[in-house]
Peer 1: 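Take this structure, written in structure tokens, and hold onto it; I'll ask about it next.
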There are 2 protein chains.
Amino acid sequence: MDTKTKSRYEAKAKIIKAMSHPTRLFIVDKLSRSEQCVCELTEMVGDDMSTVSKHLSVLKNAGIVSDEKRGTQIFYSLRVPCVLKFFSCVESVLKTNAKEQASLVR
Amino acid sequence: MDTKTKSRYEAKAKIIKAMSHPTRLFIVDKLSRSEQCVCELTEMVGDDMSTVSKHLSVLKNAGIVSDEKRGTQIFYSLRVPCVLKFFSCVESVLKTNAKEQASLVR
DNA sequence: ACAATCCTTGGCTATTTGGCAAAATAGAAA
DNA sequence: TTTCTATTTTGCCAAATAGCCAAGGATTGT
């Protein structure tokens, strides 16, 4: 694989990697409905705020979310709605896997 | 986040995580055109065969690819074509990021 | 100025990951 | 059987990741 091809796959992988954590997936799911401040997300996730903040910076760094400061709070929102398509595909993979599991038992 | 919700997000994240490595993305891309044996993929990727084999087992474990032994070779193929949709979205994220970069320079 | 609130950053530890090389396995062919 | 050949597994090490806590901005309100 030549260097140029490689770095293109690296750039793509970075974006997918940003989505590859349960908490970040949860956050993206929430943001798909409406923007949220860090404190609200922290509340929903249940981890330390610093942990949530780090997850958000990963998503922001990948270009998946954007942030806006309003007063003392920072609101995050989904910048590229197409990532929501991941969910339906992932669910169909899970379904396919479950079917296969079932057929093995039979 | 309750335990059940959490484990659902974990299952989804696992699938996305399997796609979150440049080499594995490359492999999925190749398999989208036609099935390939490990030796062919190893040749294209340029890493050690044991490394490629490990990547393939990650993809297989996630349910993204399936394998079939024929003679001495093992052919891998894409089990869930919907993962290809990831590519177009990821590309649009890259494009959006590039645009933003450009506007900052201006 | 001071305190309170919201958020991010740095430091630490534990865990996971990715890579190669060597050893083990499975099947084909001789 | 023995010997290839294709692939996987194991062992090891370096690097990356996730989590918490404590410390450090920034902004609002007193």
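Small disclaimer: the values here were computed from a predicted structure and weren't measured. In what follows, every heavy atom counts, from backbone to side chain, and hydrogens, waters and symmetry copies are set aside.
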Peer 1: Given 3.5 Å as the limit, does a donor-acceptor pair link the side chain of A/R79 with the main chain of A/G63, or not?
Peer 2: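 Judged by distance alone, yes, a pair lies under 3.5 Å.
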Peer 1: Below 4.0 angstrom from OP1 or OP2 of D/dT8, is there any side-chain N or O of B/S53?
Peer 2: yes
Peer 1: A/D47 side chain to A/T42 main-chain N or O, any donor-acceptor pair under 3.5 Å?
Peer 2: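 Not confirmed, A/D47 side chain does not pair with A/T42 backbone.
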Peer 1: Using side chain to side chain donor-acceptor pair (under 3.5 Å) as the criterion, list what pairs up with B/S7, not counting sequence neighbours.
Peer 2: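 Counting only residues at least two positions away or on another chain, B/S7 forms no side chain to side chain donor-acceptor pair (under 3.5 Å).
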Peer 1: Does A/C37 offer a backbone N or O that forms a donor-acceptor pair with the side chain of A/E40 under 3.5 Å?
Peer 2: yes
Peer 1: If the threshold is 4.0 Å, N to carboxylate O, is there a salt bridge linking B/K17 and B/E10?
Peer 2: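 So B/K17 does not pair with B/E10 through a salt bridge.
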Peer 1: Under 4.0 Å from a heavy atom of chain A: give me the 5'-most and 3'-most nucleotides of DNA chain C that qualify.
Peer 2: C/dC6 to C/dG11
Peer 1: Is it true that A/S34 and A/Q36 share a donor-acceptor pair across their side chains at a distance under 3.5 Å?
Peer 2: yes
Peer 1: Take the protein atom NZ of A/K54 and the nucleotide atom P of D/dA23, then report the distance between them rounded to whole Å.
Peer 2: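 Whole-Å distance recorded here is 15 Å.
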Peer 1: Please check: side-chain N/O of A/T5 versus main-chain N/O of A/M1, any donor-acceptor pairing under 3.5 Å?
Peer 2: no
Peer 1: Would you indicate, yes or no, if D/dA6 has its OP1 or OP2 atom less than 4.0 angstrom from a side-chain nitrogen or oxygen of B/Y76?
Peer 2: no
Peer 1: Considering all heavy atoms of both residues, which atom of A/L94 and which atom of B/A11 are nearest to each other, and what is their separation?
Peer 2: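 Scanning both residues, the minimum pair turns out to be CD2-CB, 4.0 Å.
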Peer 1: Identify, with sequence neighbours excluded, every residue that meets side chain to side chain donor-acceptor pair (under 3.5 Å) alongside B/S32.
Peer 2: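 Once residues adjacent in sequence are excluded, B/S32 has no partner under the side chain to side chain donor-acceptor pair (under 3.5 Å) criterion.
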Peer 1: Identify whether A/M49 and A/V58 are in the same connected component of the hydrophobic contact network (ILVMFWY, side-chain heavy atoms under 4.5 Å).
Peer 2: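 No, no single cluster joins them.
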Peer 1: Can you sort out which residues in residues 7-23 of chain A have a heavy atom within less than 4.0 Å of DNA chain C? Ascending by number, please.
Peer 2: none
Peer 1: Write down the atom of A/I64, the atom of A/V28, and the distance for their closest heavy-atom approach.
Peer 2: CG2-CG2, 4.4 Å
Peer 1: Describe the nucleic acid contact of B/R70 in one word from base, sugar-phosphate, nothing, applying a heavy-atom distance below 4.0 Å.
Peer 2: nothing
Peer 1: Thinking salt bridges, do B/E100 and B/K95 make one under a 4.0 Å N-O criterion?
Peer 2: no
Peer 1: Pick base, sugar-phosphate or nothing for A/F75, based on heavy-atom distances below 4.0 Å to the nucleic acid.
Peer 2: nothing
Peer 1: What parts of residues 57-69 of chain A reach DNA chain D, counting only heavy atoms under 4.0 Å away?
Peer 2: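 Within residues 57-69 of chain A, the residues near DNA chain D are A/K69.
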Peer 1: Among residues 41-50 of chain B, which residues get a heavy atom nearer than 4.0 Å to DNA chain C?
Peer 2: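 Of all residues in residues 41-50 of chain B, the ones placing a heavy atom under 4.0 Å from DNA chain C are B/D47, B/D48, B/S50.
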Peer 1: Students often mix this up, so state it plainly: with edges at 30° and 60°, are the rings of A/Y9 and B/F26 parallel, tilted or perpendicular?
Peer 2: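 Because their plane-to-plane angle is over 60°, the rings of A/Y9 and B/F26 count as perpendicular.
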